[in-house]
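So the structure is just underneath, and the comments pick up after that.
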Protein chains: 2
Amino acid sequence: MKKPASTNSSDKILAAATRIAQAHGYGGLNLRVLAEEVGIKAASLYHHFPSKADLAAAVAKRYWEDSAAVLDGLAGETQDPVACLRKYPQTFRISLENNNRMCLSSFMAAEYDDLPEHVQREVARFADVNVAWLERILLAAGIAPPAETPARARAIYAAVVGAQLMARGRADIALFDTLIATYQASGLLPA
Amino acid sequence: MKKPASTNSSDKILAAATRIAQAHGYGGLNLRVLAEEVGIKAASLYHHFPSKADLAAAVAKRYWEDSAAVLDGLAGETQDPVACLRKYPQTFRISLENNNRMCLSSFMAAEYDDLPEHVQREVARFADVNVAWLERILLAAGIAPPAETPARARAIYAAVVGAQLMARGRADIALFDTLIATYQASGLLPA
DNA sequence: ACCTGAACACCGTTCAAGT
DNA sequence: ACCTGAACACCGTTCAAGT
């Protein structure tokens with residue numbers, strides 16, 4: 001039985017850090033601002049995480065774990081794999097709905113050069129989780145020949161990520177929806 | 001008759017700042033590092049640009065101007081519009097070839113929340129230029145019904161941008177090539 | 001016209017000191 | 001066990017002072 005995430009300080013720090021990083025990235029994650037949001041001083045953060053790098057790694061790890069849970073939930077409640085694929089882009093739409101935020105891993109993929117190595121690893125895991133899920137659903141849907149499924153899964157992930165990035169750059173959720181609809185019309189995603 | 005770009009200091013600053021921003025973004029553009037690369041002190045940068053924000057706006061402006069020139073050159077030398085569309089992703093591949101760098105406008109689209117307003121405007125122009133070019137070529141190629149051309153142009157741009165971001169996050173150019181090939185196989189881009 | 005050193009308030013981080 | 005103020009070297013920026 002896990003306690004609710006907001007019970008202890010480390011969880012509050014992770015939650016607040018995630019929100020900040022989705023809007024400002026790793027470089028833009030200001031520890032004094034984060035600390036204030038949690039109600040402590042910046043120096044106190046170091047009692048919970050040994051460094052900003054380790055905090056970011058923990059944030060990125062929890063981020064892909066949560067994503068995996070959401071995707072499994074989606075697959076569980078939506079048995080039809082084609083319907084699953086239609087709903088998949090929604091998981092990226094939610095970030096945009098949340099104050100024009102974006103996927104943490106996309107932001108950090110851009111910041112690749114400035115990320116500590118173990119943060120890079122956790123960031124890559126998010127893409128891995130998404131691609132693996134897409135492969136599984138694509139196979140179940142029988143959309144592409146099995147040999148082409150891995151490539152197709154990666155293409156869908158990249159395209160959805162790109163749609164989110166372009167829509168964020170315009171602060172325009174409707175653009176995201178149009179892009180996804182066009183992916184569907186063009187055959188990249190099932191209509 | 002314009003002098004070569006490297007002749008005066010402002011141009012050297014713009015060129016160096018562009019390279020840095022393509023790797024580290026707006027937030028990661030360190031003025032002391034930039035100044036050293038140009039061979040002056042950070043304080044001297046303010047004689048050429050009134051602020052980091054104005055420097056970044058100038059960088060982003062030149063960036064989309066250069067992109068427009070490259071795309072016009074491509075359309076000029078490659079008369080067949082379908083062949084043009086096949087070569088288009090190459091313009092994004094070049095950044096990855098250059099030390100795993102990425103499109104300046106993609107990076108800054110991620111940093112949207114932290115950009116001064118006039119930088120946001122110049123960043124958006126890059127996407128505008130690319131989308132307008134794609135619309136023109138798509139129409140010439142007769143690939144999609146004219147009514148669907150604007151949406152298709154945006155979808156291609158977003159997908160290519162996403163492919164670059166995903167490949168950068170893995171420092172893997174081969175992944176970029178696979179993604180583009182899959183876009184072509186799925187019908188988003190002409191094969 | 002262009003450059004500079006020194007200073008400002010702000011970053012991540014450390015540490016001695018508190019409860 | 002957890003928090004803090006003060007300090008460190010580093011950021012963007014300013015400015016008086018140099019050529």
Side-chain angles (χ1 to χ4, degrees), chain A residues 3 5-21 23-60 104 107-108 111-120 122, chain B residues 3 5-21 23-60 104 107-108 111-120 122:
Chain A
K3 288 198 235 164
S6 56
T7 300
N8 74 69
S9 286
S10 294
D11 282 321
K12 271 167 71 180
I13 293 168
L14 284 178
T18 303
R19 262 181 285 116
I20 295 173
H24 306 286
Y26 177 76
L29 176 58
N30 181 321
L31 297 193
R32 281 178 174 88
V33 170
L34 169 61
E36 190 170 21
E37 217 157 286
V38 179
I40 56 177
K41 299 292 168 182
S44 306
L45 292 171
Y46 287 80
H47 199 274
H48 300 272
F49 301 94
S51 68
K52 177 174 175 177
D54 289 297
L55 166 60
V59 165
L104 183 86
F107 207 139
M108 291 194 176
E111 294 176 296
Y112 183 81
D113 288 357
D114 298 318
L115 295 182
E117 209 182 309
H118 57 299
V119 180
Q120 286 177 352
E122 300 299 339
Chain B
K3 288 198 233 164
S6 57
T7 300
N8 74 69
S9 286
S10 293
D11 281 321
K12 271 168 71 179
I13 292 168
L14 285 178
T18 303
R19 261 181 285 116
I20 295 174
H24 306 286
Y26 177 77
L29 176 58
N30 181 320
L31 298 193
R32 282 178 175 88
V33 170
L34 169 61
E36 189 171 21
E37 218 158 284
V38 179
I40 57 178
K41 298 294 169 182
S44 306
L45 292 171
Y46 287 80
H47 200 274
H48 300 273
F49 301 93
S51 68
K52 178 175 174 176
D54 289 297
L55 166 60
V59 165
L104 183 84
F107 207 138
M108 291 193 175
E111 293 177 296
Y112 183 81
D113 288 356
D114 298 317
L115 295 181
E117 209 181 307
H118 57 299
V119 180
Q120 286 177 352
E122 300 299 340

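Chain identifiers are assigned alphabetically (A, B, ...) following the order of the sequence lines, protein sequences preceding nucleic acid strands; residue numbering begins at 1 within each chain. This one's a predicted model, so the numbers in the text were calculated from it and none came from an experiment.
Rounded to whole Å, atom C1' of C:dG18 lies 16 Å from atom CD1 of A:Ile40. What separates NE2 of A:His47 from P of C:dC15 is a distance of 15 Å, to the nearest Å. Rounded to whole Å, the distance from NE2 on A:His24 to P on C:dG12 is 13 Å. Atom P of nucleotide C:dC3 and atom CZ of B:Phe49 are separated by 12 Å, given to the nearest angstrom. When rounded to the nearest whole Å, the span between CD of A:Glu36 and C1' of D:dG5 equals 16 Å. Protein atom CD1 of B:Ile20 is 14 Å distant from nucleotide atom C1' of D:dC11, rounded to whole Å. Look at OH on A:Tyr46: it is 16 Å from P on D:dG5, rounded to the nearest Å.
Within the structure, a side-chain polar atom (N or O) of B:His48 is placed less than 4.0 Å from OP1 or OP2 of C:dC3. Remark: B:Asn30 is in phosphate contact with D:dG12, judged by side-chain N or O atoms under 4.0 Å from OP1 or OP2. Using a 4.0 Å cut-off, no side-chain N or O of A:Lys41 falls inside it from OP1 or OP2 of D:dC3. Of the side-chain N and O atoms in A:Ser44, none sit less than 4.0 angstrom from OP1 or OP2 of D:dC2.
Inter-residue side-chain proximity for B:Ile20 and B:Glu37 is flagged as met; some heavy-atom pair is nearer than 4.5 Å.
Separating the NE2 atom in A:His47 from the CG atom in A:Leu45 is a distance of 12.0 Å, to the nearest 0.5 Å.
Side-chain atoms of A:Glu111 come within 3.5 Å of backbone N or O of A:Gly27 as a donor-acceptor pair. Using a distance-only test at 3.5 Å, with no hydrogens or angles considered, a donor-acceptor pair links the side chain of A:Gln120 to the main chain of A:Tyr112.
B:Leu29 comes within contact range of the sugar-phosphate backbone alone, with a heavy-atom separation under 4.0 Å but no base atom that close.
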